[in-house]
Amino acid sequence: MQNYLHINDLDNLQAVVDEAVELKKNELEFGFLGKGKTICLLFFNNSLRTRLSTQKAAQNLGLNCIVMNFGSEGWQLEYEDGVKMNQDKSEHVKEAAKVIAQYCDIVAIRAFASLTDKEKDLAEVVLNNFKKYAGIPVVNMESATGHPLQALADAITMEENKVPHKPKVVLSWAPHPKALPHAVANSFVEMMQLQDADFVITHPKGYELDPKITKNSKIEYNQEKALENADFVYVKNWSSFKEYGEVMISDPNWMLTADKMKLTNSGKFMHCLPVRRNVIVADEVIDSRNSIVIEQANNRTYAAQIVLKKILESL
Amino acid sequence: MQNYLHINDLDNLQAVVDEAVELKKNELEFGFLGKGKTICLLFFNNSLRTRLSTQKAAQNLGLNCIVMNFGSEGWQLEYEDGVKMNQDKSEHVKEAAKVIAQYCDIVAIRAFASLTDKEKDLAEVVLNNFKKYAGIPVVNMESATGHPLQALADAITMEENKVPHKPKVVLSWAPHPKALPHAVANSFVEMMQLQDADFVITHPKGYELDPKITKNSKIEYNQEKALENADFVYVKNWSSFKEYGEVMISDPNWMLTADKMKLTNSGKFMHCLPVRRNVIVADEVIDSRNSIVIEQANNRTYAAQIVLKKILESL
Amino acid sequence: MQNYLHINDLDNLQAVVDEAVELKKNELEFGFLGKGKTICLLFFNNSLRTRLSTQKAAQNLGLNCIVMNFGSEGWQLEYEDGVKMNQDKSEHVKEAAKVIAQYCDIVAIRAFASLTDKEKDLAEVVLNNFKKYAGIPVVNMESATGHPLQALADAITMEENKVPHKPKVVLSWAPHPKALPHAVANSFVEMMQLQDADFVITHPKGYELDPKITKNSKIEYNQEKALENADFVYVKNWSSFKEYGEVMISDPNWMLTADKMKLTNSGKFMHCLPVRRNVIVADEVIDSRNSIVIEQANNRTYAAQIVLKKILESL
């Protein structure tokens with residue numbers, strides 16, 4: 001594998017999921033693969049799970065890991081071509097990416113959506129410029145439009161909690177006080193489209209995700225109807241895609257409650273974290289035995305590790 | 001040893017001190033103990049000695065060490081139960097602690113006192129919630145009410161500078177322009193209560209430490225009288241405990257001077273650092289041959305290393 | 001080698017350059033040298049290349065590497081003697097340097113010029129105090145007046161691009177919207193003074209560098225005349241030295257363009273990066289085949305590695 005920018009960069013999702021489940025049994029087995037090699041983790045945004053789990057995965061593979069917070073430890077980058085750089089940007093991504101690529105064998109990048117410039121966000125300006133100029137494998141640690149390490153961790157977690165029938169999986173919007181990006185929802189949708197499942201997205205009208213991503217996935221505006229007989233309920237807030245980055249409604253009735261979970265088939269509760277309790281989900285749901293959010297977070301290590309393993313194997 | 005939250009988590013202080021002194025002679029001897037294991041250092045506050053010495057100690061033990069500045073690299077945590085999290089806290093400690101615990105084998109935490117909410121500080125909200133939810137060993141890198149790694153380093157330093165008689169040890173308050181926490185003083189008092197020494201605390205009236213900590217320790221309000229024949233003089237500022245977090249007095253006469261040191265039995269000068277020269281202590285004292293502050297700082301490595309060694313041995 | 005504060009700390013520049021070129025062929029060959037040893041990188045200013053390449057170099061030598069951002073992770077240091085420290089400085093460099101030195105075997109420091117206090121900048125207050133008190137090898141990762149790791153990387157890059165005659169090398173000032181330090185220009189000048197080359201400095205009047213550094217190096221105020229037949233063109237902005245730290249002129253005509261490069265002998269374009277495109281240099285120059293800025297940045301790893309190797313060999 002050359003890069004991991006998108007869930008579709010995996011040749012065969014199910015095979016990778018199976019391999020990750022196997023890897024967990026002996027996570028240090030491939031500690032020789034990264035010896036003498038270096039990964040740089042570049043954070044343009046804050047992070048907890050991604051920061052720690054990717055370092056852990058790198059360590060498990062024997063990789064030297066260098067972490068840099070670009071905002072506070074570096075400076076602003078210019079991404080436009082041909083600009084007279086006499087304002088607030090100190091370096092062009094052309095130089096930054098080429099230079100960093102010489103100090104490491106793999107570069108992983110977190111660069112959230114601006115939620116103000118739809119065109120630039122959709123163009124994945126940061127990620128794609130690094131890919132274009134770095135010339136070494138690039139890993140997406142959550143970009144403007146996707147979070148494929150999260151989606152892979154989600155797939156691993158669903159595999160470990162699989163039901164003996166074709167599962168019903170619901171992705172439900174939930175309210176949140178701030179405008180949030182679409183990355184996690186997008187990658188979950190794209191991952192589910194690769195699965196043999198009855199997949200339903202539910203959200204208030206006006207919160208439709210990018211139709212280029214949802215494609216033919218079923219959308220049900222009635223949350224309770226969507227939840228009926230669900231085996232997995234993935235909850236997540238996102239801001240409007242059409243009225244880009246706006247919080248059009250924050251109806252508390254969309255919070256996931258225990259009563260709503262009763263509609264499901266003893267459904268598992270999923271969320272990428274961090275989660276706002278009693279806003280996104282009621283305490284009684286996230287604290288229930290059916291909550292698998294901590295397992296999801298744990299699988300972030302193995303999602304990162306299997307991806308880095310595949311990249312190291314093709315270096 | 002399961003956790004190191006308090007000096008009393010050590011079964012036998014003297015035995016641990018002796019072991020640390022021995023360890024210094026060959027600090028890489030146990031470099032195999034941490035192989036394949038990870039420690040996360042979580043800083044909710046700034047740090048110099050603790051940051052570097054704990055990393056050094058981890059390295060000496062072969063541990064993989066991941067450092068995270070929670071404030072600038074992560075986000076604010078919620079510690080209250082049942083809260084509707086629609087304000088400035090993005091994640092509950094329940095999730096954060098459980099998640100972090102999956103990426104490492106030991107977690108070490110620095111979380112200072114607020115000095116504004118006495119009840120929460122005394123409850124050690126950050127440390128105790130991590131202990132409650134993480135389920136892995138937790139190490140205190142200075143909490144609201146204690147700094148047991150410092151106290152252990154102090155004990156090691158006093159052992160290395162021991163006198164051939166029962167020592168007189170004085171903990172003296174000194175002035176400081178800002179309100180400081182009680183953690184270092186508390187842990188020093190608690191450590192001294194485990195020692196066979198003539199221990200005296202001296203400070204202006206109104207600066208009494210928590211009586212639940214000082215217990216029967218002798219308090220002498222006359223600094224000069226306290227210093228008479230002292231073998232060790234530990235100087236430290238703290239804010240008022242009764243008028244919680246207030247700076248009630250900053251009498252420059254409480255600064256430790258060479259004249260005052262003449263009252264001692266060629267006493268050793270101790271301080272945890274950082275120290276404000278010519279406010280807490282006169283240059284002539286800290287620069288004298290009797291100053292052992294640099295030795296104290298050096299022993300921070302071995303205090304951390306012996307604690308991590310004992311935790312690793314019980315994993 | 002005891003310290004690397006200045007390019008002149010190298011016994012023999014050419015020999016070191018040759019050794020670095022050789023080292024690049026097998027950069028992991030000396031991975032045993034740093035085993036069980038630690039380097040601390042202290043950043044008082046932001047950094048990209050220095051941050052990553054020095055970590056990479058340390059890793060290649062098997063060194064444990066601890067990175068600290070002094071400003072955001074620590075606190076302000078006092079450098080004056082005898083001060084009553086009741087203001088904004090929490091710790092004196094005397095303690096900080098001595099303490100840090102106990103946690104590591106080598107300390108590397110980045111501390112830029114203030115550009116407001118010429119006397120202090122010229123005294124290299126941060127670097128020299130660390131050297132004075134640390135008592136362990138100190139490496140300059142760009143100080144107030146010099147950037148010798150950059151100059152060494154530049155020398156390595158020029159060696160790898162050498163011409164079959166005595167080269168003409170031009171250091172040209174270029175405009176920049178902000179006031180920048182003299183460190184890179186100073187160290188380049190001092191490095192060139194050790195080379196057998198026709199070396200010319202060109203800048204507008206008023207931008208003379210410190211005459212104690214330029215000494216007898218040729219200064220040509222006519223940029224085009226200076227560029228004639230140049231084999232290497234090193235472009236860099238700096239603020240006025242005489243009117244210390246001021247931007248007296250920012251004439252866009254001093255930007256390096258393709259037309260100007262036509263005056264050279266197919267000259268190589270050099271810059272330390274980060275560079276502001278179309279302010280310092282036109283896109284067409286930095287994007288041309290004659291641009292070796294990425295090679296320079298790559299050689300930062302080997303400059304650091306050869307310096308650390310020599311220090312480790314003398315420990």
Side-chain angles (χ1 to χ4, degrees), chain A residues 26-29 31 41 43 45-60 62-65 67-69 71-73 110 175-178 180 250 252 255 271-284 286-287 291 293-302 304, chain B residues 34-44 46 55 58-59 62-109 129-130 132-136:
Chain A
N26 187 1
E27 67 187 48
L28 299 179
E29 184 179 355
L41 311 188
F43 289 95
N45 304 94
N46 282 12
S47 169
L48 169 56
R49 271 152 289 279
T50 301
R51 181 182 297 276
L52 302 185
S53 66
T54 314
Q55 286 185 68
K56 181 69 182 298
Q59 172 72 14
N60 283 348
L63 273 166
N64 175 36
C65 189
V67 179
M68 179 169 171
N69 299 307
S72 60
E73 299 180 332
R110 162 160 286 200
H176 192 282
K178 290 185 184 171
L180 295 190
S250 64
M255 178 173 83
H271 190 282
C272 59
L273 305 183
V275 68
R276 288 177 177 248
R277 286 170 167 257
N278 304 311
V279 176
I280 293 276
V281 58
D283 276 340
E284 53 194 357
I286 191 171
D287 289 331
S291 170
V293 296
I294 304 298
E295 292 178 48
Q296 284 176 269
N298 189 32
N299 282 326
R300 291 294 308 277
T301 298
Y302 306 102
Chain B
K35 284 277 176 280
K37 295 197 168 57
T38 296
I39 184 170
C40 279
L41 311 188
L42 306 182
F43 289 95
F44 290 85
N46 282 13
Q55 285 185 68
Q59 171 72 15
L63 274 165
N64 175 36
C65 188
I66 298 178
V67 179
M68 178 169 173
N69 299 308
F70 230 87
S72 61
E73 299 180 332
W75 36 74
Q76 286 194 67
L77 297 183
E78 176 63 64
Y79 296 94
E80 296 288 323
D81 277 349
V83 173
K84 186 175 169 183
M85 290 172 57
N86 60 356
Q87 298 299 316
D88 52 352
K89 316 288 175 57
S90 300
E91 182 159 11
H92 201 285
V93 66
K94 287 185 188 180
E95 277 71 62
K98 287 179 191 171
V99 165
I100 291 167
Q102 294 180 109
Y103 303 144
C104 54
D105 301 279
I106 305 173
V107 62
I109 296 168
N129 272 291
F130 268 90
K132 181 175 179 183
Y133 294 114
I136 59 168

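A note on names: the letters A, B, ... follow the listed sequences, proteins ahead of strands, and every chain is numbered from 1.
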Gap between atom [atom2] of [Y] and atom [atom1] of [X] - 0.5 Å precision:
X         : Y         : atom1 : atom2 : value
Glu95(B)  : Asp287(A) : CD    : CG    : 7.0 Å
Leu28(A)  : Lys37(B)  : CG    : NZ    : 9.0 Å
Arg277(A) : Asp81(B)  : CZ    : CG    : 7.5 Å
Asn278(A) : Asn86(B)  : CG    : CG    : 9.5 Å
Thr38(B)  : Gln59(A)  : OG1   : CD    : 5.5 Å

Ser90(B) versus chain A, heavy atoms under 4.5 Å apart: side chain, backbone, both or neither?
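Contact with chain A involves both backbone and side-chain atoms of Ser90(B).
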Chain A heavy atoms under 4.5 Å from Glu78(B): which part of the residue, side chain, backbone, both or neither?
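For Glu78(B), there is no contact with chain A at all, as no heavy atom is under 4.5 Å.
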Given the options [options], which has more heavy-atom pairs under 4.5 Å with chain B than any of the others?
options                                  : answer
His176(A), Lys178(A), Arg49(A), Gln55(A) : Arg49(A)
Asn69(A), Asn60(A), Val293(A), Ile280(A) : Asn69(A)
Val67(A), Thr301(A), Asp283(A), Leu52(A) : Leu52(A)

Could you report the tightest heavy-atom contact between Trp75(B) and Pro274(A), atom names first, then the distance?
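Residues Trp75(B) and Pro274(A), closest heavy atoms: CZ2-CG, 3.7 Å.
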For Ala297(A) against Tyr103(B), the heavy-atom pair lying closest together
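In terms of heavy atoms, the two residues are closest at O-OH, 2.6 Å.
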Are Val279(A) and Lys84(B) close enough that some pair of their side-chain heavy atoms sits under 4.5 Å apart?
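Result yes, sub-4.5 Å side-chain heavy-atom pair found.
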Donor-acceptor pair, distance only, cut-off 3.5 Å: does the side chain of Asn46(A) make one with the backbone of Ser72(B)?
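Flag set: sc Asn46(A) to bb Ser72(B) pair under 3.5 Å.
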Okay, side chain of Gln102(B), backbone of Ile294(A): is any donor-acceptor separation there less than 3.5 Å?
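Judged by distance alone, yes, a pair lies under 3.5 Å.
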Using non-hydrogen atoms and a 4.5 Å limit, figure out which bit of Pro177(A) sits close to chain B: side chain, backbone, both or neither.
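Contact with chain B is through the side chain of Pro177(A) alone.
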Pairing of Glu73(B) and Arg51(A) as salt bridge, 4.0 angstrom limit:
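Salt bridge present between Glu73(B) and Arg51(A).
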